Amino acid sequence: MKKQIPISQPSLTDHERRELLAAFDSGWISGVASSPYVQKFEAALSKRINRKYVLAVSNGTVALEVALRALGVGPHDDVIVPAFTFISPAAVVRQIGARPIFVDVDPVSWTLDPQEVKRKLTPKVKAVVAVDTIGHPADYDALKFLEAYRVLLVEDAAEAHGAQYRKRLTGSFGAVSTFSMFVNKGVTAGEGGAVLTHHDQLAAHMRMMINHGMPAGKGYYHEIVGMNGRMNSLSAAIGAAQMDRWDELLKKREQVGRWYDELLPDGVGKRPVAPWAKPITWLYTILTRERDRLQAALAEAGVETRPVFTTIPLLPIYADGSVYPNSELISKTGLFLPTYADLSREDVEYICDVLRKAI
Ligand SMILES: *Cc1c(COP(=O)(O)O)cnc(C)c1O
């Protein structure tokens, strides 16, 4: 039988199954803050990342929206976002009526280039969304100058569960940090996300915001304009079970990354790593000038791959007329290979063999 290797798949065990059914059987299927499944997920992530407040939300995109709205970002504000990343930061900035200001990424870290951030800073810039792109942390020390300008920092750690910046875990930086628990992320709830902060008032404000603008215990009293941004208990139950397996899931992904490092043929580029970073393997990325041909050869052999993110300001609806040389080079040459905790060495060998023959 022909091999079929997907680009991503969740690692689900009896543990997730038991927790999911326990939530179902208990009748806790909504996402209200009093749900023990929501609380369990939030407590586990709070403990793991060492942030005082964690709020489970419906996905990583809503997490960014809640973060930016809670920080007071709105129409007439500019927000700096990376030119190379998944679309959410830019889309959310537009959704809330603000303007994304794109900044090129550093050629090594593939995250916001701090010099470029400085160059594009104006009094209109209210916040910066730093993304820990494809498992690699942004350069947070080099972004500290933002404090002097009173520019707020949001960390989007959606692709970097367990990565470290100078020994500190991603997801612990910025006034608010966010995670996604989408099915292809390092730790998943199927659909889901989280906002994290140390600030009491921000946490209370965000809790209200995701619950229709209602403070707890005041009935149908809506203190702010809110939304429904909650994670439901069924997702939270899966997410909490995955949190129990955090170390295992991370270790397995790291192993997959090491197998690729070892077995990839000469002639494909590997992603660079900054000296201050301990990245995680999210989607293993190769660099090649022959991307279409290699992707076709892999597809022919039953291996699903995907070109990396488009440089966002090259998309017509985000175009700004500028060039982003580092982002554009990565966008043009980067290819995501299958990466998930349960991927076997045998499959990595197979994928690397297909690549070797194609080259
Ligand atoms: C996946 C992802 C998101 C969005 O998460 P969803 O849960 O899919 O909404 C946001 N930012 C980055 C960097 C991501 O990779």
Side-chain angles (χ1 to χ4, degrees), residues 7-10 31 41 45 54-69 79-96 100 102-103 105-106 109-112 127-138 140 153-163 165 170-171 173-174 176-196 210 227-232 234-236 238-239 242-243 253 271 277 279-285 306-312 315 318 327 330-331 334 336 339-340:
I7 189 155
S8 172
Q9 73 179 25
F41 169 77
L45 191 56
V54 172
L55 281 64
V57 297
S58 39
N59 59 62
T61 307
V62 159
L64 285 170
E65 180 179 341
V66 168
L68 288 173
R69 283 191 193 279
V79 179
I80 286 179
V81 299
F84 177 77
T85 173
F86 182 64
I87 198 69
S88 293
V92 165
V93 169
R94 284 279 289 273
Q95 283 288 359
I96 65 176
F102 296 101
V103 161
V105 297
D106 175 85
S109 74
W110 296 5
T111 66
L112 278 181
V128 172
V129 180
V131 179
D132 303 316
T133 311
I134 316 179
H136 191 299
Y140 292 102
L153 181 69
V154 171
E155 177 190 13
D156 180 350
E159 297 164 7
H161 301 69
Y165 175 76
T170 54
F173 294 90
V176 182
S177 47
T178 65
F179 279 102
S180 164
M181 303 286 158
F182 183 58
V183 69
N184 71 359
K185 305 295 160 82
V187 173
T188 185
E191 296 279 358
V195 286
L196 297 78
I210 64 172
M227 59 162 93
N228 179 354
R230 302 179 303 243
M231 179 194 286
N232 74 75
L234 301 178
S235 293
I238 296 172
Q242 288 257 302
M243 286 302 304
R253 275 182 181 270
R271 79 156 296 170
I280 53 125
T281 307
W282 177 52
L283 287 176
Y284 195 96
T285 312
R306 210 190 234 206
V308 298
F309 314 121
T310 310
T311 296
I312 299 172
L315 297 164
Y318 292 100
S327 297
I330 302 163
S331 287
F336 289 139
T339 315
Y340 44 92

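Counting starts at 1 for both ligands and their atoms, following the listed order. Sequence positions, counted from 1, serve as the residue numbers for this chain. This one's a predicted model, so the numbers in the text were calculated from it and none came from an experiment.
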Which salt bridge (Lys or Arg N to Asp or Glu O under 4.0 Å) pairs, counting each pair once, include a residue from residues 60-69, with sequence neighbours left out? Glu65-Arg69
In terms of the angle between their ring planes, are Phe309 and Phe84 parallel, tilted or perpendicular, with boundaries placed at 30° and 60°? tilted
For Phe41, the ring pair (Phe, Tyr, Trp, His ring centres under 6.0 Å) test, sequence neighbours excluded, returns none
Can you see whether Thr311 engages Ser327 through a side-chain donor-acceptor pair at a distance of less than 3.5 angstrom? no
In Å, rounded to the nearest 0.5 Å, how long is the span from OG1 of Thr61 to CD1 of Ile87? 10.0 Å
Contacts of Tyr140 that satisfy side chain to side chain donor-acceptor pair (under 3.5 Å) - sequence neighbours left out: Asp132, Glu155
Less than 4.0 Å from some atom of ligand 1, heavy atoms are found in residues Asn59, Gly60, Thr61, Thr85, Phe86, Ser88, Val131, Asp156, Ala158, Glu159, Ser180, Phe182, Lys185, Gly192
